[in-house]
Colleague: 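First the structure, which I've put down as structure tokens, then a few questions once you've had a look.
Residue numbers start from 1 in every chain, and the chains themselves are labelled A, B, ... in the order their sequence lines are given, proteins ahead of strands.
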Protein chains: 2
Amino acid sequence: MHDKPIPDIIIGRLPIYLLALQHMVQAGRQVTSSQELGERLGISPAQIRKDLSQFGEFGKQGTGYNISYLRDAIRGILKVDQVWDIAVVGIGDIGRAIADYQGFADRGFRVALLFDSDPSKIGTRIGHFTVQDSAQMEKVIHDAGIKVAMVAVPVPQAQAVAEQLVKAGVKAILNYAPITLNLPHDVHVEDFDPLIHLQHMTYYL
Amino acid sequence: MHDKPIPDIIIGRLPIYLLALQHMVQAGRQVTSSQELGERLGISPAQIRKDLSQFGEFGKQGTGYNISYLRDAIRGILKVDQVWDIAVVGIGDIGRAIADYQGFADRGFRVALLFDSDPSKIGTRIGHFTVQDSAQMEKVIHDAGIKVAMVAVPVPQAQAVAEQLVKAGVKAILNYAPITLNLPHDVHVEDFDPLIHLQHMTYYL
DNA sequence: TAGATTGTTAATCGATTAACAATC
DNA sequence: TAGATTGTTAATCGATTAACAATC
């Protein structure tokens with residue numbers, strides 16, 4: 001038993017498939033095909049079939065895929081058939097928008113804890129949460145068993161905050177600070193920076 | 001003359017290099033190497049050299065790269081040695097955070113216009129801008145010559161808003177709405193959705 | 001000069017696509 | 001059954017890496 005890991009680039013497409021399936025369910029649709037999904041997403045049908053075939057057989061020849069069945073299957077693969085609690089660190093404009101954002105629940109996440117180091121913010125309420133002192137962060141996150149965090153602090157603090165999160169047991173970090181974090185290999189980091197995307201597109205203008 | 005276009009995957013890494021170089025400049029550094037950049041970014045030195053070699057020769061054997069020289073070169077390649085005006089459509093929590101965000105100017109962008117269709121928001125001020133009526137959007141953006149926009153409206157409106165932006169002459173859209181937009185091929189779209197990234201990471205938890 | 005590091009070539013590795021037998 | 005579409009194989013295409021001559 002020494003299965004090859006599934007390529008990360010394939011894992012990265014699953015949430016995109018999931019989102020499209022979700023929209024189809026909401027539109028009352030029952031079945032779809034790799035062809036249709038491909039047109040919608042700008043991905044080749046062959047690639048979609050190949051991606052899915054890594055995880056099992058979800059379709060029927062001649063008919064295609066049952067949408068809600070495939071949705072549930074992908075949810076299971078991505079482990080978002082459960083709800084993950086998230087800690088948000090840094091309650092500036094971005095952190096506040098995250099805390100107020102309503103779209104998490106449907107998709108497997110729930111903001112559970114907010115932290116900031118600014119005394120004028122600690123104790124204030126955002127949505128139905130109270131901002132807690134970053135100084136207590138490690139203990140609080142550890143005790144809550146939280147594995148997923150979003151970092152929205154200024155650049156100079158981002159690396160140190162991320163290291164604290166790792167100490168607290170966090171294994172997945174969505175990093176809003178425009179800096180590349182250096183963390184142990186077993187911690188998953190995704191950078192989330194609008195400027196990176198804008199600068200990518202201007203090349204083509 | 002029929003030069004092969006430079007792979008998009010390489011273009012996508014340039015903003016990451018640029019960001020690291022920027023930090024190095026701020027730290028007062030003069031020169032770096034593909035080795036050092038690679039360690040910092042988790043990218044192989046060979047790849048960095050190969051990527052850069054697509055655009056010219058920026059380094060010196062034995063010494064490496066002059067940081068500010070390479071930074072300026074990449075800025076030029078990405079066309080962020082100028083400032084691009086951006087229109088933001090949809091002034092909810094996310095749109096407001098974008099409008100208030102201070103980090104654009106350094107990196108080649110400036111929020112210039114805000115739009116919403118909600119009468120209770122039209123006319124209000126955010127930062128030093130007044131929210132304008134989406135009904136006027138096409139004309140205003142066209143007249144301003146704006147080519148870059150951020151879409152932060154609810155999912156049901158996103159496709160229609162994007163089509164209006166395209167009619168107004170916009171060629172690059174950063175899409176915050178969790179839905180895949182269908183637009184002409186000459187319009188560049190990047191999706192910007194935190195949930196996609198979170199769902200990617202949970203696979204590994 | 002000696003040491004370091006580039007830019008580039010060739011080899012390797014991995015991802016995408018085309019095509020089709022299987023089958024609903 | 002006939003038509004449609006899957007899952008999978010093999011071929012193609014593209015990206016990454018290793019290695020090294022050139023040279024600062």
Side-chain angles (χ1 to χ4, degrees), chain A residues 2-17 20-21 24 29-74 77 180 185 200 203, chain B residues 2-17 20-21 24 29-74 77 180 185 200 203:
Chain A
H2 198 73
D3 289 345
K4 273 217 209 83
I6 293 175
D8 182 64
I9 198 160
I10 293 181
I11 306 303
R13 280 191 293 263
L14 295 182
I16 297 167
Y17 300 160
L21 292 165
M24 287 176 174
R29 300 280 314 285
Q30 302 284 326
V31 292
T32 187
S33 63
S34 59
Q35 170 84 43
E36 187 194 32
L37 268 171
E39 275 168 23
R40 206 163 155 142
L41 299 174
I43 292 177
S44 83
Q47 182 162 82
I48 291 173
R49 294 201 300 279
K50 188 126 215 281
D51 285 355
L52 296 176
S53 75
Q54 302 277 344
F55 305 97
E57 308 194 352
F58 304 105
K60 269 221 235 323
Q61 285 100 327
T63 1
Y65 301 91
N66 177 293
I67 293 169
S68 59
Y69 176 77
L70 182 56
R71 175 201 58 184
D72 291 344
I74 294 177
I77 294 163
T180 304
H185 285 298
H200 183 166
Y203 174 80
Chain B
H2 197 75
D3 288 345
K4 275 220 207 81
I6 292 173
D8 183 63
I9 197 161
I10 293 181
I11 306 303
R13 280 192 293 263
L14 295 183
I16 297 167
Y17 300 160
L21 292 165
M24 288 177 174
R29 302 280 314 285
Q30 303 284 326
V31 292
T32 186
S33 64
S34 58
Q35 171 82 42
E36 187 194 31
L37 268 171
E39 274 169 24
R40 206 164 154 139
L41 299 174
I43 292 177
S44 83
Q47 180 162 84
I48 292 172
R49 294 200 301 278
K50 188 126 217 283
D51 285 355
L52 296 177
S53 75
Q54 301 277 344
F55 304 96
E57 308 195 350
F58 304 105
K60 269 221 236 325
Q61 284 101 327
T63 0
Y65 300 92
N66 177 294
I67 293 170
S68 58
Y69 177 78
L70 181 57
R71 176 200 60 182
D72 291 343
I74 295 178
I77 294 163
T180 304
H185 284 299
H200 183 167
Y203 174 81

Colleague: Tell me, please, which residues at least two apart from A/Ser68 pass side chain to side chain donor-acceptor pair (under 3.5 Å).
Modeller: A/Asn66
Colleague: At what distance, to the nearest 0.5 angstrom, does OH of B/Tyr65 lie from OH of B/Tyr17?
Modeller: 9.5 Å
Colleague: Indicate yes or no: at least one non-hydrogen side-chain atom of A/Ile74 is less than 4.5 angstrom from one of A/Leu52.
Modeller: yes
Colleague: Aromatic rings A/Tyr203 and B/Phe55: how do their planes relate, parallel, tilted or perpendicular, breaks at 30° and 60°?
Modeller: perpendicular
Colleague: Hey, could you give me the CD1/CG distance between B/Ile6 and B/Leu14, rounded to the nearest 0.5 Å?
Modeller: 8.5 Å
Colleague: For DNA chain D, which residues of residues 40-48 of chain A approach it to below 4.0 angstrom with any heavy atom?
Modeller: none
Colleague: Name all pairs fulfilling the side chain to side chain donor-acceptor pair (under 3.5 Å) condition that reach into residues 52-61 of chain B, sequence neighbours left out, sorted by first residue then second.
Modeller: none
Colleague: Hey, what do you get for CG (A/Asp51) to CD1 (A/Ile11), rounding to the nearest 0.5 Å?
Modeller: 9.0 Å
Colleague: Pairs in or reaching into residues 63-72 of chain A: which pass salt bridge (Lys or Arg N to Asp or Glu O under 4.0 Å), with residues at least two apart or in two chains?
Modeller: A/Asp72-A/Arg75
Colleague: Which residues in residues 55-62 of chain A have at least one heavy atom lying under 4.0 Å from any atom of DNA chain D?
Modeller: A/Glu57, A/Phe58, A/Gly59, A/Lys60, A/Gln61, A/Gly62
Colleague: For a 4.0 angstrom threshold against heavy atoms of chain A, report the outermost contacting nucleotides of DNA chain C in 5' to 3' order.
Modeller: C/dA15 to C/dC24
Colleague: If you take all heavy atoms of B/Pro15 and A/His200, which pair is closest and at what distance?
Modeller: CG-N, 3.9 Å
Colleague: Tabulate below the donor-acceptor pairs under 3.5 Å that side-chain atoms of residues 36-49 of chain B make, not counting sequence neighbours, or state none.
Modeller:
residue, atom, partner, partner atom, Å
B/Glu36, OE1, B/Arg29, NH2, 3.1
B/Glu36, OE1, B/Thr32, OG1, 2.3
B/Glu36, OE2, B/Arg29, NH1, 2.8
B/Glu36, OE2, B/Arg29, NH2, 3.3
B/Glu39, OE2, B/Gln35, NE2, 2.8
B/Ser44, OG, B/Gln47, N, 3.1
B/Arg49, NH1, B/Ser34, OG, 3.0

Colleague: Where does DNA chain D pair, written as one dot-bracket string 5' to 3', with Watson-Crick or G-U pairs under 3.5 Å, ( ) inside the strand, [ ] for crossing pairs and | for another strand?
Modeller: ..||||||||||||||||||||||
Colleague: Nearest-nucleotide wise, let me know which of B/Thr32 and A/Arg13 is further upstream toward the 5' end of DNA chain C.
Modeller: B/Thr32
